[in-house]
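This report concerns only the one structure given below.
Any value given below was found using the heavy atoms of this structure, including those in side chains, with hydrogens, waters and symmetry copies removed.
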Amino acid sequence: MTERRKRRFRLIGFAAVCALLAAPGAAVAVQQERAATPVTVPALSDWTPESGSYDFGGGTRLVAGSAGERRVADTLADDLKAAGHGTVPVVRGGAARPGDIVIQVRPTRGSLGAEGYELRAGTRLSVTGATETGAFYGTRTLLQLLAQGDHIPAGRTVDVPRYQERGVGVCACYIHISLPWLENLVREMAYHKLNQLLLEIKVKSDAHPEANTWGYYTKDELRRLVALGDKYHVEIIPEINSPGHMDPWIENRPDLQLTDSDGTKQPARLDVTQQAAFDYYTGLMDEYAQVFTATSWHMGADEYMLGSDYSKYPQMLRYAQEKYGASATPQDAYIDFINRVQAYAASKGKKLRIWNDGLTGANTVPVAAGTTVEHWLNVTEKPSQLIAQGYPLMNAAYSLYLVRGGFHSDTGSLYDQQWDPRSFEGEKLASSAGVTGAKISLWPDNGRGETENEVAADTEPALRHLAQATWGDPHPDATYAQFTARGTAVGHAPGWRDLARDPVADGTYSFRTTGASLDAAVQRTPDGYATVRTAAGCLEIQGGKLTLNVPLQPGVSATPQSCDAANTMQRWELTPVPGGYRLVNAITQMALSIADDGRLVQYPPDQHRPAIWHLTAL
């Protein structure tokens, strides 16, 4: 277990975050507040009520003139339809009528900043931003209000975020997370005005097929996700963690692995003293640039010497001294790699981001100016020191972590403490100057510890709290129960898919496909998947190489085992496809295929055609 994971598990005494229900009095309190200020997440801070109301109805139109205004209006029209409000036409300019929604982008409204907006509700409703993004966020507020009814109290608000970066980090770095889950996350983030999704993720490589162990995503899959992020103003920043945690990329490249003084290869550590290693890494960056449009690149740079130390790698000191002189330290070789990646990213128009734990002060070479440091661990160099040195600083504290099978952020406690992005691990800053924002982070340390649907339920309250704490007042309600009632009121984003809805009713079925058949009982699990129980036991993926406690090896069999309600490897998605269903394991996200010898085996869908199962009720 890595030291990062140990630290997470030491915090296991905090209560796991669950989908919270509001206390009995919370809904009443929210209803009372609604009379003065409409209910949203993040909460509105300066609502000025007026007499009357705005009434959304069948005659409502979206009025937009410029190209940017029409893009915002078109997205709003899509979302209104997805939310059940019908088809609302977008008209180009002209006089607004009662009931209309007017979208305005006015660059002269500089006080609104890059993301702020003004919303006015009366006989008609207007949303104004200095930028397209600002106007877009005003429409998110509108959607939340319409989720509570078609009548919005008349009034006005000017709503501007306190922090520039408001994010979520997801490690899809070993365990494949389904695209529908990630798409839901993007929509939920935008609905709550979060704007940055960090994805530590593996793109299937054309240049290096030897690196394509499962967990990857095809370029076309990720292009669709990036397009969704662009539509919803969520910047998706990719990460390939390096020079540590490189095993997903170099486990089949021993020539690039750091070798210790005993001659032992380190499959998770890239040898930063090799030009070939730098060329390999930047070549991967170039492939990612075919997919991701973000203006930043995250290289991780955490835990490079986890469980070891530089003294076991004398080549690091030699490299550093040859380049920087006799007073250089081995850590200078590590910083040198960061700075070379920074320069390469800058040459491609991208800014670099790293984690903070490698900045121990043992280096003589500074990290390149302008590199954003994401602070998760209390080490020698404190947040105030990093800000004083001029580095943009993001709060990615492990108190905000959600770990599969491990530590979950205690959102209620953080809310009661009035946590905000100035509260770093090891230091609370008096000022927000130099702090870019904050994010929650989702890690798969025990990949079978929870299913995606369980992670989604756990993430929901943490996401809403982070949205509140980075946009506005971190403590808008007297109690956490009242704050969670806000989330109940606004609900989910339009277009959000209920991934916990099983398309097959409980019962016993005959499963038939080309080359195989079986009779099995389908029984829904509490998290929305299903067990497939044959006469010999419940189907389970078992065997092969384990990665983060998960059998991610393609070709591993699914066999009947003793049924265990707690065993997530026995949970399946019955995914509707033309002609029947696919059986997809809830944890490995690989579909069952039929081997030549008739065995049920798992494969990534782009490697082997999944079996299509025809179900007949028995």
- prompt: When you measure from the side chain of E221 to the backbone N and O of T218, does any donor-acceptor pair fall under 3.5 Å?
  reply: yes

message: Using a strict threshold of under 4.0 Å (side-chain N to carboxylate O), is an ion pair present between E460 and R464?
response: yes

Pairwise distance OH(Y54) to CG(D150) - rounded to 0.5 angstrom: 9.0 Å

- prompt: Do H298 and E200 have side-chain N/O donor and acceptor atoms under 3.5 Å apart?
  reply: no

field: Main-chain N/O of R156 paired to E50 side chain as donor or acceptor, under 3.5 Å
entry: no

message: Checking side-chain polar atoms at under 3.5 Å, does Y163 have a donor or acceptor matched by the opposite partner on N195?
response: no

message: Quick one: does any side-chain atom of D46 pair with a main-chain N or O of V158 as donor and acceptor, under 3.5 Å?
response: yes

Donor-acceptor contact below 3.5 Å, side chain Q468 vs main chain D473: yes

query: Within 45° of the axis and under 6.0 Å from the centre of the six-membered ring of W297, does NZ or CZ of K350 qualify?
result: no

message: Taking D420 first and then R162, would you say they form a salt bridge - that is, a charged N and a carboxylate O separated by under 4.0 Å?
response: no

query: When the ring planes of H465 and F483 are compared, do they come out parallel, tilted or perpendicular, using 30° and 60° as the limits?
result: perpendicular

- prompt: Any side-chain donor paired with an acceptor under 3.5 Å for W471 and D159?
  reply: yes

- request: Rounded to the nearest 0.5 Å, what's the gap from OG1 on T75 to CD1 on I103? Could you check?
  value: 10.0 Å

- line: Value for CG (L228) from CG (N184), rounded to nearest 0.5 Å, stands at 9.5 Å

- prompt: Does one side chain, of H375 or E427, offer a donor that lies under 3.5 Å from an acceptor on the other?
  reply: no

task: Decide whether T295 and E235 meet the rule of one side-chain donor and one side-chain acceptor closer than 3.5 Å.
output: yes

statement: Shortest non-hydrogen pair, P366 vs N339, comes out as O-ND2, 3.0 Å

task: Report yes or no: does Y191 contribute a side-chain atom to a donor-acceptor pair with the main-chain N or O of V490 at less than 3.5 Å?
output: yes

- prompt: Among side-chain atoms of K193 and T141, is any donor-acceptor pair under 3.5 angstrom?
  reply: yes

- prompt: So among R106, R120, Q104, R109, which one has a side-chain hydrogen bond (donor to acceptor under 3.5 Å, both in side chains) with T128?
  reply: Q104

task: Would you give the length of the straight line joining atom CD1 of I237 to atom CZ of R353, rounded to the nearest 0.5 angstrom?
output: 4.5 Å

message: Less than 3.5 Å apart, any donor N or O on the side chain of Y415 or T484 sitting next to an acceptor on the other?
response: no

field: Ion pair E69/R92, N-O distance below 4.0 Å
entry: no

field: Pair R61 + D100: basic N to acidic O under 4.0 Å
entry: yes

- request: Sort out for me which residue in L194, V41, L442 forms a side chain to side chain contact (heavy atoms under 4.5 Å, CB included) with L463.
  value: L194

task: Measure the CG-CG distance between N356 and L386 for me, rounded to the nearest 0.5 Å.
output: 7.0 Å

query: Are any non-hydrogen side-chain atoms of L352 and V367 less than 4.5 angstrom apart?
result: no

- request: Over 60° means perpendicular and under 30° means parallel, so classify the ring planes of Y401 and Y398, tilted if in between.
  value: perpendicular

message: The test is salt bridge (Lys or Arg N to Asp or Glu O under 4.0 Å); show your working for K219 and E287 and say whether it passes.
response: CA-CA 9 Å; K219 290 175 180 174; E287 281 204 83; 2.8 Å; yes

- prompt: Side chain of D357, backbone of W376: donor and acceptor closer than 3.5 Å?
  reply: no

Spacing of OG1 belonging to T372 relative to CE belonging to M394, to within rounding of 0.5 Å: 9.0 Å

task: Mark yes or no for whether Y217, through its side chain, and A172, through its backbone, hold a donor-acceptor pair below 3.5 Å.
output: no

field: Backbone of D477 reached by a side-chain donor or acceptor of H475 within 3.5 Å
entry: yes

query: Any ion pair linking R71 and D74 (charged N to carboxylate O, less than 4.0 Å)?
result: no

- prompt: Does the side chain of H233 come under 3.5 Å of the side chain of T133 through a donor N or O and an acceptor N or O?
  reply: yes

message: Please determine whether a side-chain nitrogen of the Lys or Arg among E165 and K439 lies less than 4.0 Å from a carboxylate oxygen of the Asp or Glu.
response: no

- prompt: Are any side-chain N or O atoms of R422 and backbone N or O atoms of A430, one a donor and one an acceptor, separated by less than 3.5 Å?
  reply: yes

- prompt: Under 3.5 Å, side chain of H176 to main-chain N/O of Y216, donor-acceptor pair present?
  reply: yes

